[in-house]
Amino acid sequence: MKRGNFVRESLTGTKKEYTDWTSNMASKAIKRKPYAADIDRSEKQMEATIPDSVREPLLGNSTHEPQSDRYEPTLQPDLWDGKGQECLGWIHLISTFIARSVRKIGIAVSQFGSLLARFFRWSCSSHGSHNEQAILVGLSPIQEERLKFLRQRLNVPFDSSSMKHQDALKELWRLAYPSRQLPPLKSDLWKEMGWQNSDPATDFRAGGFMSLENLIYFARNYPDSFHSLLHKADGKRAEWEYPFAVAGVNISYMLVQMLDLQSGKMSTKASSHFVQLLREDEMAFDNLFCVAFEMLDAQWLARQASYMEFNEVLKSTRIQLEQELAIGSISSVQEMPSFRLLKR
């Protein structure tokens with residue numbers, strides 16, 4: 001009996017403890033449900049516990065910062081008051097004055113430079129005219145006469161209708177090819193002499209009739225050199241050689257330019273030296289032509305030049321002629337160093 005009572009009391013006690021435990025758990029769960037007032041109270045408590053360093057913004061100043069700790073930009077005093085505007089006005093006036101002064105100085109310098117340039121041009125021209133007059137005054141009557149005759153020669157163009165000019169062209173053929181029959185004045189055979197066209201009259205141009213006279217003089221007075229250059233007998237020749245006759249016309253024209261014969265000023269060093277050669281040699285220009293032709297061919301061979309390089313060789317020939325004419329001790333073409341190239 002005692003055992004059965006003990007079991008019932010145990011079960012009864014256990015059931016009561018279970019009931020008390022579940023009631024306790026329910027009351028705790030009900031207590032956990034938050035209300036609005038509780039939420040507000042909790043937020044205020046959390047705000048109170050958060051440190052100030054966390055609530056501060058990353059940039060700028062916090063509204064909670066003390067006024068003394070905030071950054072306040074220092075304000076500069078207003079420069080645009082009455083006194084500042086007055087200073088600005090003075091600065092503007094001074095800068096305007098300086099700019100105008102610089103402009104006036106520049107104009108004055110430019111005018112002075114222009115005046116100075118005119119003075120030097122006048123001085124040089126006067127000096128050149130004085131030298132020219134000195135050269136012409138220093139000429140003897142025979143030199144003046146020969147110079148005048150030379151100028152008359154170079155002003156005569158080649159005229160294919162003139163019998164004198166036709167006869168001169170025929171004479172050149174006979175001197176070049178003494179054993180050959182004379183061709184018509186218009187024939188492809190003339191190209192063998194070095195004319196570019198079947199009608200030689202079209203090739204004289206700036207050289208004029210005097211260039212034909214120069215070739216005839218060359219053939220008569222230095223036949224060995226003339227035929228040697230005509231037939232390209234000396235040295236190793238290029239596949240495309242310079243045309244002999246046309247080269248002679250170009251040499252004549254080059255000499256006229258070098259000696260400044262057309263202007264009559266005789267302002268170049270070469271012309272002043274050449275005039276002195278007329279004292280001893282009436283045919284100084286023609287002899288100089290022969291020397292120049294031999295000099296051109298010598299430079300042609302030395303350069304191993306071809307047809308397209310003719311103008312360059314002609315320029316270097318002129319330079320060498322000017323250098324040899326400048327030698328003070330020369331009184332005739334025969335005394336020039338390159339004269340020895342000629343063969344009679």
Side-chain angles (χ1 to χ4, degrees), residues 169 171-183 187-200 202-207 210-258 270 285-327 330 333-344:
L169 192 58
E171 177 65 13
L172 179 63
W173 179 273
R174 283 190 288 265
L175 292 170
Y177 308 106
S179 60
R180 296 178 61 178
Q181 185 178 359
L182 179 67
S187 172
D188 287 340
L189 293 176
W190 288 99
K191 295 181 180 179
E192 297 181 12
M193 190 185 293
W195 301 103
Q196 292 181 326
N197 302 295
S198 57
D199 183 8
T202 61
D203 289 333
F204 285 104
R205 297 169 186 164
M210 188 172 66
S211 60
L212 177 57
E213 291 179 323
N214 295 150
L215 287 169
I216 293 174
Y217 182 87
F218 191 18
R220 286 177 176 172
N221 292 273
Y222 307 98
D224 290 347
S225 290
F226 177 87
H227 285 94
S228 177
L229 297 181
L230 172 63
H231 300 290
K232 305 292 191 299
D234 295 337
K236 182 180 179 181
R237 314 307 303 198
E239 183 177 356
W240 281 27
E241 279 290 322
Y242 64 86
F244 174 80
V246 173
V249 174
N250 280 273
I251 291 173
S252 296
Y253 183 66
M254 180 268 291
L255 292 176
V256 171
Q257 289 183 314
M258 183 185 74
F285 185 87
D286 298 82
N287 284 319
L288 190 63
F289 169 86
C290 300
V291 172
F293 215 141
E294 276 286 6
M295 187 183 296
L296 180 138
D297 191 74
Q299 291 201 18
W300 181 273
L301 293 175
R303 288 170 172 246
Q304 296 181 351
S306 60
Y307 180 81
M308 299 302 295
E309 300 174 85
F310 177 80
N311 288 333
E312 296 181 7
V313 177
L314 187 63
K315 290 178 182 178
S316 61
T317 301
R318 172 174 174 168
I319 294 174
Q320 185 176 351
L321 283 171
E322 290 173 339
Q323 292 174 348
E324 294 194 11
L325 284 172
I327 300 176
I330 290 179
V333 176
Q334 287 74 11
E335 295 178 0
M336 294 177 63
S338 295
F339 182 79
R340 65 179 184 273
L341 296 174
L342 289 171
K343 296 171 288 186
R344 295 184 180 274

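Comment: Lys343 engages Asp234 in a salt bridge, judged by a side-chain N to carboxylate O separation of less than 4.0 angstrom. With salt bridges taken as basic N to acidic carboxylate O contacts below 4.0 Å, none links Glu335 and Arg340. Remark: Arg174 engages Glu171 in a salt bridge, criterion side-chain N to carboxylate O under 4.0 Å.
Looking at Glu213 and Tyr217, their side chains never bring a donor and an acceptor atom within 3.5 Å of each other. Counted by atom type alone, Glu324 and Ser338 present one or more donor-acceptor pairs between their side chains at under 3.5 Å.
The two atoms that bring Phe244 and Leu215 nearest to each other are CE2-CD2, 4.3 Å, heavy atoms only. Between Ser252 and Asn214, the shortest heavy-atom contact is OG-OD1, 2.8 Å. In plain terms, the two heavy atoms of Pro243 and Gly194 that are nearest each other are CB-O, 3.2 Å. The shortest heavy-atom contact between Ala298 and Leu341 is CB-CD1, 4.4 Å. Between Leu169 and Trp190, the closest heavy-atom pair is O-CH2, 3.5 Å. Closest non-hydrogen pair, Val249 versus Gly207, comes out as CG1-CA, 4.0 Å.
Applying the side chain to side chain contact (heavy atoms under 4.5 Å, CB included) rule to Arg237 yields the partners Lys232, Glu241, Tyr242, Asp297, Trp300, Leu301; only residues at least two apart in sequence or on another chain are considered. For Tyr307, there are no ring-ring contact (aromatic ring centres under 6.0 Å, His included) partners at least two apart in sequence or on another chain.
In this structure, Phe310 CZ and Trp240 CH2 are separated by 16.0 Å, a value rounded to the nearest 0.5 Å. Asn221 CG to Leu342 CG: the interatomic distance, rounded to the nearest 0.5 Å, is 10.0 Å. The CG atom of Leu229 lies 4.5 Å from the CD atom of Glu294; values are rounded to the nearest 0.5 Å. The SG atom of Cys290 sits 5.5 Å away from the OH atom of Tyr222 when rounded to the nearest 0.5 Å. For the atom pair CG (Leu255) and CZ (Arg318), the distance works out to 9.0 Å, reported to the nearest 0.5 Å. One distance of note links CZ of Phe218 with CG of Leu230; it measures 10.0 Å at 0.5 Å rounding.
With hydrogens and angles ignored, the 3.5 Å screen pairs no side-chain donor or acceptor of Gln320 with any backbone N or O of Thr317. Of the possible polar contacts, none joining the His227 side chain to the Ala233 backbone as a donor-acceptor pair under 3.5 Å is found.
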Show the numbers, then the answer: is there a side chain to side chain contact (heavy atoms under 4.5 Å, CB included) between Leu296 and Ile251? CA-CA 9 Å; Leu296 180 138; Ile251 291 173; 4.2 Å; yes

Are Phe226 and Arg220 close enough, and set up right, to give a side chain to side chain contact (heavy atoms under 4.5 Å, CB included), and what steps lead you there? CA-CA 9 Å; Phe226 177 87; Arg220 286 177 176 172; over 6 Å; no

For Glu192 and Arg180: C-alpha separation, side-chain torsions, deciding distance, then whether salt bridge (charged side-chain N to carboxylate O under 4.0 Å, His left out) applies. CA-CA 12 Å; Glu192 297 181 12; Arg180 296 178 61 178; 2.7 Å; yes

Is there a side chain to side chain contact (heavy atoms under 4.5 Å, CB included) between Val256 and Met210 once you walk through the steps? CA-CA 10 Å; Val256 171; Met210 188 172 66; 3.9 Å; yes

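Taking the six-membered ring for Trp, Trp195 and Phe204 have ring centres closer than 6.0 Å.
Below 30°, between 30° and 60°, or above 60°: for Phe289 and Phe293 the angle between ring planes is above 60°, a perpendicular geometry.
Contact annotation: the side chain of Met336 never approaches that of Ile327 to less than 4.5 Å [non-hydrogen atoms, C-beta and beyond]. The closest side-chain heavy-atom distance from Met254 to Lys315 is not below 4.5 Å.
The number of heavy atoms from other shown groups lying within 6.0 Å of NZ (Lys191) is above 12. The number of heavy atoms from other shown groups lying within 6.0 Å of CD (Gln304) does not exceed 12.
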